[in-house]
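Read through the structure below, which is laid out as structure tokens, and then see the notes.
Read the numbers this way: they start at 1 and go in the same order the structure lists the ligands and their atoms.
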Amino acid sequence: MHFSHFFNNNYFNFEFLQDVYVPFSGTLESTVTKKTFSAFLAERLEQAERTVLISCPPNINEKKFYKYLSHYGTINNYFFYETFGAYAVVEFSGTEDIAALKESTCIPRLQHECAVPFKSRLFNLRKNNVGELSTAQSSVQCLKLSAIPHSELLRKISGAETIDQQLHTVCEEYQLTEENTRLRFLVCSLVKDIAAAYFPECSIKPFGSSVNNFGKMGCDLDMFLDLDGISGRNNVKPTGAFSVEYHTKRVASERVATQSILSVIGECIDQFAPGCVGIQKILNARCPLVRFSHQPSGFQCDLTANNRIAMRSTELLYIYADIDPRVRALVFSIRCWARVHGITSSIPGAWITNFSLTMMVLFFLQRRKSPIIQTLDQLRDLAGPKDKLAIGGHDCTFVTDVSKLKPSQNRETLEQLLQEFFEYYGSFPFKGMSINIRKGREQNKPEVSPLHIQNPFEQSLNVSKNVNQTQLDKFVKAARESAWILQQEGMNHSTTKSEHWGLATLLIPSTQVSEGKGRKKRREPASERIKHLLESLKRTNRQVKM
Ligand code: GTP
Ligand code: MG
């Protein structure tokens, strides 16, 4: 082949990566696009197929790196990031370039161990001529993959001029960057190579916060093993005298099939997939999954199959995020606030999840006098023929092209919305009412769970069934206190700009407050008292305006 002269020569040689280090850290910028979700997914999945991940030696020279790899094909894009070592993500213009690179790559010979000869797209780049390459001045710039530290975020938002700017800053600082998104799709594509050994037509798609426009740097990577291309959902009608079907093994239910597929693929990931460690098969969960850590990216991965409703919920959030820029700014800020106050947690349990919290923000935005976003029923009514979808008998139809939606007439500022969000949920009748984004109205609770948020597609389910009374009370109390603090801040806004102000005062971890750092110590009235104080303040404000 034309690049064969590269095998023995110069600066580098490649070997398939068999074992790697640990996680991770990020950068800025990533914008919400107006592409439909399916166009976005298709484009990114295809791009990921043409991309490789390379573990690089220290102080690598970028020019030489680029020149070396360019011999295998045209490089469309590349970047370096740092975890516990430098990695390069390199997008070639075609998959044949990767085939060429693979052809010149060797399986390493190890002294005391044996390498499992699985040829993935995760490579180790080795220097052949150490002296020539170790020039610190010309070494590459590595991106970080994690969110900025909380203290840095507080400093940035305290430097903003308005509370509106503060909320936008949280969103900009926390959102997934372009590079982080690329890496997420690449990891899905690498796992697909394993699953494709059994199911060549399968695809692995990211879902959840990695792609719903609400992802924070460092969030987990939810993956969906899509076997629809195989299982016959897309089959054409037979013609002629005969039709042929595959002779298959039969199992009791779709759930059993999903469990056995995930079990086998989980095993393969464990045994063969370089960089994937800590594999846990959680097959008896309501939604069976395989959990593992992808070390080179640091992503915590959850692989599920037969989970099309979650994929559709992801698309719904993607649409809502695109309707109005205030949606993302408020969701990111509320998620950040909830995390600081221990309302959400990375550990599964009785906490409110980010998904439930997002539903609460969406519902609040639907409930404004002049709504900022449409109800799900309104989105369904605007759907075209291509948007129609039923999954397991559930109506999952909604408009998928945001450009078909009229922008909201609501002109409320984010400062107003933040204040009102806390007041709204500080006095929400959780005891008797349920939150329902399909109807955009409170409804009588059909069951006794402390918090009831109707699943938008499987309408008999409660997405916050896990939440107990203690956790709900914690949320209500924190909402009331924050409403109270914002009211006070609003009044003293221009005069008492202390180290942290506005949104920042709500994002100071409670340990710091008790130590007296940041915001001034104040006697915090009990939650019920705040509620009444807020109500009387609102009454006074109304009288003054009249
Ligand atoms: P983070 O991972 O916390 O950043 O947010 P996430 O939105 O990714 O949440 P999570 O990883 O818990 O779940 C992934 C996706 O599964 C969500 O975005 C939803 O689409 C879906 N999902 C999660 N929990 C539920 C639930 O209780 N009901 C339904 N219908 N879907 C859920
Ligand atoms: Mg997730």
Side-chain angles (χ1 to χ4, degrees), residues 26 37 41 145-147 170-171 174-176 180-181 184 187-188 204-226 282 285-294 297-321 327-328 331-339 343-363 376 389 391-396 398 434-438 447 449 451-467:
F37 184 64
L41 274 190
L145 293 180
S146 59
V170 173
C171 185
Y174 272 176
Q175 69 190 348
L176 296 180
N180 201 303
T181 300
R184 283 168 191 271
V187 172
C188 288
I204 290 193
K205 297 169 176 160
F207 71 99
S209 57
S210 294
V211 283
N212 66 11
N213 280 325
F214 295 111
K216 179 188 164 190
M217 295 291 278
C219 67
D220 68 353
L221 172 53
D222 302 294
M223 301 176 182
F224 168 61
L225 170 65
D226 190 350
I282 309 169
R286 192 179 79 83
C287 181
L289 68 115
V290 173
R291 178 165 287 170
F292 58 94
S293 169
H294 184 258
S297 62
F299 296 145
Q300 180 68 35
C301 304
D302 278 350
L303 175 65
T304 57
N306 194 18
N307 193 12
R308 294 195 304 142
I309 290 211
M311 202 72 207
R312 196 62 169 171
S313 321
T314 301
E315 181 161 16
L316 181 65
L317 295 198
Y318 177 93
I319 302 288
Y320 274 130
V327 179
R328 294 177 78 231
V331 169
F332 271 93
S333 302
I334 295 292
R335 280 186 172 197
C336 180
W337 166 85
R339 192 60 198 267
I343 293 164
T344 53
S345 165
S346 57
I347 310 160
W351 290 276
I352 297 178
T353 62
N354 276 333
F355 183 64
S356 294
L357 201 57
T358 308
M359 291 285 149
M360 291 171 93
V361 178
L362 296 179
F363 183 72
L376 179 51
L389 182 67
I391 302 171
H394 302 289
D395 181 9
C396 297
F398 56 83
S434 159
I435 289 164
N436 181 335
I437 66 156
R438 177 169 281 281
E447 55 175 58
S449 313
L451 175 60
H452 194 278
I453 303 173
Q454 197 193 64
N455 184 318
F457 300 119
E458 292 165 287
Q459 295 180 47
S460 62
L461 301 181
N462 172 13
V463 301
S464 52
K465 207 178 169 65
N466 63 311
V467 177

**Request:** List every atom of ligand 1 that sits less than 4.0 Å from any heavy atom of T314, numbering the atoms from 1 in the order shown and giving each element.
**Result:** 20 (O)
**Message:** Less than 4.0 Å is my threshold; does some heavy atom of T353 fall inside it relative to ligand 1?
**Reply:** no
**Message:** For ligand 1 and E458, I'd like to know whether there is a polar contact (N/O to N/O, distance under 3.5 Å).
**Reply:** no
**Nearest candidate to atom 16 (O) of ligand 1, where distance is taken over non-hydrogen atoms, out of F207, F355, F224** = F207
**Item:** Side-chain donor-acceptor pair present, R335, T358, cut-off under 3.5 Å
**Value:** yes
**Asked** Are the side chain of N455 and the backbone of S460 linked by a donor-acceptor contact shorter than 3.5 Å?
**Response** no
**Request:** Examine D220 and say whether one of its N/O/S atoms is closer to the Mg ion (ligand 2) than 2.8 Å.
**Result:** yes
**Asked** Is there a donor-acceptor pair closer than 3.5 Å between any side-chain N or O of T314 and the backbone N or O of G208?
**Response** yes
**Item:** Atoms of ligand 1, numbered as shown, that sit under 4.0 Å from any heavy atom of G208
**Value:** 8 (O), 14 (C), 15 (C), 18 (O)
**Message:** Is there a polar contact between ligand 1 and A310, counting only N or O atoms under 3.5 Å apart?
**Reply:** yes
**Request:** Could you tell me whether the side chain of L317 reaches within less than 4.5 Å of the side chain of L362, counting heavy atoms only?
**Result:** yes
**Message:** Quick check on contacts: which atoms of ligand 1 are under 4.0 angstrom from a heavy atom of N455?
**Reply:** 28 (N), 29 (C), 30 (N)
**For the Mg ion (ligand 2): the N/O/S atom of D222 at shortest distance** = OD2
**Asked** Any protein heavy atom sitting closer than 4.0 Å to atom 1 (P) of ligand 1?
**Response** yes
**Message:** Could you check whether R308 makes a cation-pi contact with F457, meaning its NZ or CZ is under 6.0 Å from the centre of the six-membered ring and within 45° of the ring axis?
**Reply:** no
**Request:** Can you sort out which atoms of ligand 1 are near D222, meaning under 4.0 Å from one of its heavy atoms?
**Result:** 8 (O), 11 (O), 14 (C)
**Request:** Enter the distance from L451:CG to N462:CG here, rounded to the nearest 0.5 Å.
**Result:** 6.5 Å
**Message:** Quick one: does any side-chain atom of S449 pair with a main-chain N or O of H452 as donor and acceptor, under 3.5 Å?
**Reply:** no
**Complete:** Output for pair (M311 CE, D222 CG), nearest 0.5 Å, gives 10.0 Å
**Prompt:** Are a donor atom and an acceptor atom from the side chains of R438 and Q454 found within less than 3.5 Å of each other?
**Reply:** no
**N/O separation below 3.5 Å, S209 to ligand 1** = yes
**Prompt:** For ligand 1, which atoms sit closer than 4.0 Å to a heavy atom of C219?
**Reply:** 4 (O)
**Asked** Centroid-to-centroid, Y174 to F332, below 6.0 Å?
**Response** no
**Request:** Please report which non-hydrogen protein atom sits nearest to atom 3 (O) of ligand 1, along with the residue it belongs to and the distance in Å to one decimal place.
**Result:** N354 ND2, 2.9 Å
**Prompt:** Of all the non-hydrogen atoms in the protein, which one sits nearest to atom 28 (N) of ligand 1, and at what distance?
**Reply:** V463 CG1, 3.6 Å
